[in-house]
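Here the structure is a predicted model, which is why all the values come from computation and not from measurement.
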Amino acid sequence: SQCSFLLSAVGQRTDLNSLPKALAVPLAFLWGKHCVLAGNVTEAEERLGWALANCPPSSTRNRRRILAYLVPCRLRFGRALPAAS
């Protein structure tokens with residue numbers, strides 16, 4: 001799909017840590033969501049985990065959206081769920 005092409009181009013040139021959090025967290029979430037839908041669960045867990053770790057604790061709605069995709073990824077690998085904060 002075109003989304004895969006764009007994400008690979010962005011991924012080669014952009015480090016999420018170099019972007020402002022307001023841009024990096026939604027990008028990581030959408031990238032992780034795309035990976036889940038494409039069947040790449042390993043990369044999805046990495047992207048969604050980064051998004052959750054860098055999402056402000058006060059953003060409960062965004063954290064809930066991230067967890068909706070991250071929890072099934074972690075359960076698939078039998079890994080521990082993120083601790084409640």
Side-chain angles (χ1 to χ4, degrees):
S1 79
Q2 290 179 350
C3 199
S4 298
F5 170 74
L6 291 173
L7 288 174
S8 66
V10 169
Q12 291 174 355
R13 299 177 187 183
T14 306
D15 177 27
L16 289 175
N17 293 316
S18 67
L19 292 174
K21 298 278 184 185
L23 294 174
V25 172
L27 176 63
F29 167 69
L30 292 172
W31 197 337
K33 183 178 174 180
H34 171 75
C35 290
V36 167
L37 297 175
N40 189 352
V41 183
T42 305
E43 187 176 356
E45 182 186 9
E46 179 184 330
R47 302 290 178 199
L48 294 167
W50 189 94
L52 183 65
N54 290 282
C55 186
S58 61
S59 301
T60 54
R61 182 173 173 235
N62 290 342
R63 294 175 72 80
R64 199 171 289 141
R65 290 174 65 198
I66 294 168
L67 286 169
Y69 289 93
L70 181 59
V71 169
C73 290
R74 293 223 171 142
L75 287 175
R76 180 175 173 129
F77 292 118
R79 296 191 180 137
L81 299 175
S85 55

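- Under the 4.5 Å side-chain contact rule for hydrophobic residues, Leu67 and Leu30 share a cluster.
- Atom CD1 of residue Ile66 and atom CZ of residue Arg61 lie 12.0 Å apart, to the nearest 0.5 angstrom.
- In this structure, Glu46 and Thr42 have side chains that are not in contact, with every pair of non-hydrogen atoms separated by 4.5 Å or more.
- A search for side-chain contact (heavy atoms from CB on, under 4.5 Å) contacts involving Leu19 returns Thr14, Leu16, Ala24, Leu27, not counting sequence neighbours.
- Remark: Glu43 pairs with Arg47 by the salt bridge (charged side-chain N to carboxylate O under 4.0 Å, His left out) rule, at least two apart or across chains.
- For Pro56, the side-chain contact (heavy atoms from CB on, under 4.5 Å) test picks out Ser58, Ser59, with sequence neighbours left out.
- Legend: residues meeting side-chain hydrogen bond (donor to acceptor under 3.5 Å, both in side chains) with Asn62, ordered by chain and number and at least two apart, are absent.
- Two residues are said to be in side-chain contact when any heavy atoms from C-beta on lie closer than 4.5 Å; Leu52 and Phe29 fail this criterion.
- For Val36, the side-chain contact (heavy atoms from CB on, under 4.5 Å) partners two or more places apart in sequence, or in a different chain, are Ala44, Leu48, Tyr69, Cys73.
- Considering only heavy atoms from C-beta on, Cys35 stays 4.5 Å or farther from Val41 through its side chain.
- Within the structure, the salt bridge (Lys or Arg N to Asp or Glu O under 4.0 Å) test picks out no pair touching residues 25-34 (sequence neighbours left out).
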